[in-house]
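See below for the structure under consideration.
Naming convention: chains lettered A, B, ... in sequence-line order (proteins, then strands); numbering from 1 in each chain. Quick caveat: nothing in here was measured; it's all calculated off a predicted structure.
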Amino acid sequence: MTELAPPRGTIDLLPPRSEAMLGLYEAGHELAHRYGFRYVETPSFEHTEVFERTSGGTSDIVTKEMYTFEDKGGRSLTLRPEPTAPVMRAYLAHRHDLPTPFKAYYVSANWRHSRPQAGRLREFRQLGVEVIGTPAPEADVEVVAMADRYLRDRGLRRFALHLNSIGDEACRPAYREELVAYLEGRRDELSDEHGDRFRENPLRVLDCRDEACRRVARDAPLITERLCEACAEHLAAVQAGLRAAGVAFQPDPFLVRGLDYYTRTAFEFVSEAMPAAQSTLCGGGRYDGLAEVLGGAPTPGVGFGLGLDRVLYAMEEEGVELPGPRSVDAFVVAVGDGAILAARGLVEDLRRAGVAAEASAGDRPLKAQLRMADRTGARFAVIVGEREMAEGRATVRRLSDGSQEAVPMEDVPGWISGRA
RNA sequence: GUGGCCGUAGCUCAACUGGCAGAGCACCAGGUUGUGGUCCUGGGGGUUGGGGGUUCAAGUCCCCUCGGUCACCCCA
């Protein structure tokens, strides 16, 4: 049993859950198209430096969560722990062939070696978008609006959008100093493990759930009151745009982001239906500093990552109807060995005519075959036996009510496609 | 990576203070000769996550390990 189980933190997605996930993928493709995003794929692994440089050397991702390995040429490679840096890398490598701004989206897996729990996997699937090449607040609005639309269209209601700005190089350093000074003054109120953290990243104290941290954070200077002119205007424009777009949000001056390359806009969609530790359905923001860290020309960008495993989990928690399996229209049943080939010909005719059809192997009793037909959810069972072959007409049975009629073999595909 | 709780059939669970591993659902087959979803009858399924220990005897107690889960860290 253990040896057949998938590796820790990974899951086998099987029907019907796999089909629900497929529905999430398809909805993502459809919506991204509706918002004018273009599909991209980047490699599942990158040179390790791509993530080391962009995520920040002290970040959790780099220090303990990366799946890093050496290839046979001695290169250090890492399984993509987050998608934004690779997409930016790819953009910088090919920007002369791409439109500006470049609106990219992807549906792909990421890998992080953290301790797994429900909604927190080592291999997890994400729908993400990036608008690269424009600092305009409209881009931020577009990105946030699409994430909101995606979650709402899935039927989710119990979530909130938290929005903040974390400033930029013009105003964040001064704010950071002020915050550090403030925290130093109240250092003794924080426990050791939490108190030490602000040296690494003082902003982190603000969104900490620890009781003492929250008390200290409550009176801390707020970034939103220290933003430079440009950042303040940007934030105001994003908020105005969201209101115009009909997207409800909640200003949250305590929201910060973990990765170093974020600037200005930061946002999170948080589910109220899930345990706190896995409640972030979608996170994103602006990363105007990322391109330079990668060694490229200054290139602004904004995007989000939306956790599909968590969305599926949240849908289950909220009791929302999941995308279901698409059942076939017809299930062909062969009665007796003599009918197996006729049934085979018929099922292929149906498929050629565009009808989703299945046939049983014909090696089981009629009763069992009809049971199979029932379980596939097919609308019609097409019965082919010696009688039918003698008459040249198949028995088409409507599974919803058991009514049935004889249809000439060659007319069956047309008969069913006309009713499917 | 740190800590708590949990691990019995495919699923949900039962088995008094150690004493022969069970039920429901699901699955399969029958209920006469070609008709599913209801009903009745029967059947297959388990190294009680794995390994070691204590004991006459371990699903039950102890240790290790694997996995799940919750919290922390962090985030999707």
Side-chain angles (χ1 to χ4, degrees), chain A residues 1-11 14 55-56 58-66 80-84 107-128 147 151 191 193-194 196-197 200-201 204 207-210 213 255-259 266 268-271 274-284 304-314 331 333-336 338-339 360 364-388 395-404:
Chain A
M1 181 125 184
T2 303
E3 60 197 26
L4 293 179
R8 185 164 203 204
T10 66
I11 53 171
L14 302 168
S55 296
T58 59
S59 71
D60 274 44
I61 286 185
V62 170
T63 56
K64 59 182 191 188
E65 294 184 351
M66 297 203 304
R80 171 180 58 222
E82 65 89 22
T84 302
V107 178
S108 57
N110 295 330
W111 295 269
R112 285 185 209 168
H113 191 112
S114 58
R115 184 134 172 189
Q117 56 193 75
R120 205 193 165 83
L121 300 167
R122 288 181 172 178
E123 176 179 64
F124 58 99
R125 286 142 280 267
Q126 263 189 355
L127 163 67
L151 296 175
S191 63
E193 56 172 321
H194 292 278
D196 289 338
R197 196 183 314 155
E200 303 265 311
N201 187 347
R204 277 265 152 247
D207 70 349
C208 184
R209 278 198 294 272
D210 177 74
C213 286
L255 173 66
V256 299
R257 304 242 84 214
L259 303 182
E268 252 173 43
F269 287 84
V270 180
S271 171
M274 302 212 289
Q278 305 100 261
S279 61
T280 304
L281 299 175
C282 173
F304 70 70
L306 193 153
L308 295 179
D309 301 280
R310 285 189 182 176
V311 167
L312 182 53
Y313 190 43
F331 191 98
V333 168
V335 187
S360 81
R364 297 179 62 189
L366 175 61
K367 192 174 196 159
Q369 293 190 55
L370 280 171
R371 189 160 50 229
M372 288 170 70
D374 188 48
R375 282 181 198 153
T376 62
R379 313 232 341 257
F380 300 99
V382 180
I383 302 170
V384 182
E386 291 183 9
R387 267 186 229 155
E388 284 79 5
T395 300
V396 180
R397 181 181 177 83
R398 190 186 300 272
L399 288 167
S400 56
D401 59 7
S403 65
Q404 54 188 44

Could you tell me whether A/Tyr313 contacts a base, only the sugar-phosphate backbone, or nothing, with contacts defined as non-hydrogen atoms closer than 4.0 Å? sugar-phosphate

State, with a plain yes or no, whether a side-chain heavy atom of A/Glu65 is found less than 4.5 Å away from one of A/Arg122. no

Who pairs with A/Arg387 by side-chain contact (heavy atoms from CB on, under 4.5 Å), at least two apart in sequence or on another chain? none

For nucleotides B/A26 and B/C73, find the distance between their C1' atoms and express it as a whole number of Å. 41 Å

Is there side-chain contact between A/Arg310 and A/Phe124, with heavy atoms separated by less than 4.5 Å? no

Non-neighbouring partners of A/Ser403 that pass side-chain hydrogen bond (donor to acceptor under 3.5 Å, both in side chains), sequence neighbours left out: A/Asp401

Among B/C70, B/A29, B/A76, which nucleotide sits nearest the side chain of A/Gln126? B/A76

B/A71 to B/C25 separation - P atoms, rounded to the nearest Å: 35 Å

How many whole angstroms separate atom CG of A/Leu255 from atom P of B/A76? 11 Å

For nucleotides B/A23 and B/U32, find the distance between their C1' atoms and express it as a whole number of Å. 33 Å

When you compare the side chain of A/Arg115 with that of A/Arg120, does any pair of heavy atoms fall below 4.5 Å? no

Using the P atom as the reference point in each nucleotide, state the distance between B/G44 and B/U54 in Å, no decimals. 37 Å

Answer with base, sugar-phosphate or nothing: what part of the nucleic acid does A/Gly377 contact at a heavy-atom distance below 4.0 Å? nothing

Between protein and nucleotides 2-4 of chain B, what N or O pairs are separated by less than 3.5 Å?
residue : atom : partner  : partner atom : Å
B/U2    : O4   : A/Arg115 : NH1          : 3.4

By ring pair (Phe, Tyr, Trp, His ring centres under 6.0 Å), A/Phe380 pairs with (sequence neighbours left out) A/Trp415

Check side-chain contact (heavy atoms from CB on, under 4.5 Å) between A/Ala314 and all other residues, then give those that pass, not counting sequence neighbours. A/Leu156, A/Ser271, A/Met274, A/Leu281

Using a 3.5 Å limit for the pairing distances, which stems of at least 3 consecutive Watson-Crick or G-U wobble pairs does RNA chain B take part in? B:1-7 with B:66-72, B:10-13 with B:22-25, B:27-31 with B:39-43, B:49-53 with B:61-65

What's the closest nucleotide to the side chain of A/Gln117 if the choices are B/A29, B/A76, B/A71? B/A71

What pairs with A/Ser360 under side-chain hydrogen bond (donor to acceptor under 3.5 Å, both in side chains), at least two apart in sequence or on another chain? A/Gln369

Check every strand shown and say whether A/Gly119 touches a base, only sugar-phosphate, or nothing at a heavy-atom separation below 4.0 Å. base

Can you check the distance between B/U65 and B/G4, where both ends of the measurement are the P atom (answer in whole Å)? 13 Å

For RNA chain B, whose closest nucleotide is more 5', that of A/Gly305 or that of A/Thr10? A/Thr10

Do you know the tightest heavy-atom contact between A/Arg125 and A/Asp309? N-OD2, 2.7 Å

Is A/Ala373 touching bases, backbone alone, or none of the nucleic acid, heavy atoms closer than 4.0 Å? nothing

Round to a whole Å and report the spacing from NE2 of A/His113 to P of B/A76. 18 Å

Output a table of nitrogen or oxygen pairs between the protein and nucleotides 34-40 of chain B separated by less than 3.5 Å.
residue : atom : partner  : partner atom : Å
B/G34   : O6   : A/Arg387 : N            : 2.8
B/G34   : O6   : A/Glu388 : OE1          : 3.3
B/G34   : N1   : A/Glu388 : OE1          : 2.9
B/G34   : N1   : A/Glu388 : OE2          : 3.1
B/G34   : N2   : A/Glu388 : OE2          : 3.0
B/U35   : O2   : A/Arg397 : NE           : 3.3
B/U35   : O2   : A/Arg397 : NH1          : 2.7
B/U35   : O2   : A/Gln404 : OE1          : 3.4
B/U35   : N3   : A/Gln404 : OE1          : 3.3
B/U35   : N3   : A/Gln404 : NE2          : 3.2
B/U35   : O4   : A/Gln404 : NE2          : 3.1
B/G36   : N7   : A/Arg397 : NH2          : 2.8
B/G36   : O6   : A/Arg397 : NH2          : 3.3
B/G36   : O6   : A/Gly402 : N            : 3.1
B/G36   : N1   : A/Leu399 : O            : 2.2
B/G36   : N2   : A/Asp374 : OD1          : 2.7
B/G36   : N2   : A/Leu399 : O            : 2.5
B/G36   : N3   : A/Asp374 : OD1          : 3.3
B/G37   : O4'  : A/Asp374 : OD2          : 3.1
B/G37   : N2   : A/Leu399 : O            : 3.4
B/G37   : N2   : A/Ser400 : O            : 2.8

Run the side-chain hydrogen bond (donor to acceptor under 3.5 Å, both in side chains) test against A/Asn110 and tell me which residues pass, sequence neighbours left out. A/Arg80, A/Gln126

Between A/Gln278 and B/C70, does any side-chain N or O lie under 4.0 Å from OP1 or OP2? yes

Taking atom types as they are modelled, would you say the side chain of A/Arg112 forms a donor-acceptor pair with the base of B/C74 within the 3.5 Å cutoff? no

Return the set of residues passing side-chain contact (heavy atoms from CB on, under 4.5 Å) with A/Ala381 (not counting sequence neighbours), or none when no residue passes. A/Leu370, A/Ala373, A/Arg397, A/Leu399

Can you tell me how far P in B/C27 sits from the matching atom in B/C72, rounded to whole Å? 41 Å

Closest-nucleotide ordering on RNA chain B, the 5'-leading residue of A/Ser279 and A/Arg364: A/Arg364

In whole Å, I'd like the distance from the CZ atom of A/Arg80 to the C1' atom of B/A76. 13 Å

Give the nucleotide from the list B/A76, B/G30, B/A71 with an atom nearest to the side chain of A/Phe124. B/A76

Ignoring the backbone of A/Arg8, work out which of B/C74, B/U69, B/G1 is nearest its side chain. B/U69

Taking side-chain contact (heavy atoms from CB on, under 4.5 Å) as the definition, give me every residue that meets it alongside A/Ser279, ordered by chain and number, with sequence neighbours left out. A/Val270

How many whole angstroms separate atom CD of A/Glu268 from atom C1' of B/A76? 10 Å

Quote, to the nearest angstrom, the C1' distance that separates B/G3 from B/C11. 31 Å

Under the side-chain hydrogen bond (donor to acceptor under 3.5 Å, both in side chains) rule, collect the residues that match up with A/Gln117, sequence neighbours excluded. A/Gln278

Taking the P atom of each, how far is B/G34 from B/U48, in whole Å? 45 Å

Do A/Val333 and A/Thr395 have side-chain heavy atoms sitting under 4.5 Å apart? no

With sugar-phosphate meaning primed atoms plus P, OP1 and OP2, does A/Leu121 contact a base, only sugar-phosphate, or nothing at under 4.0 Å between heavy atoms? base

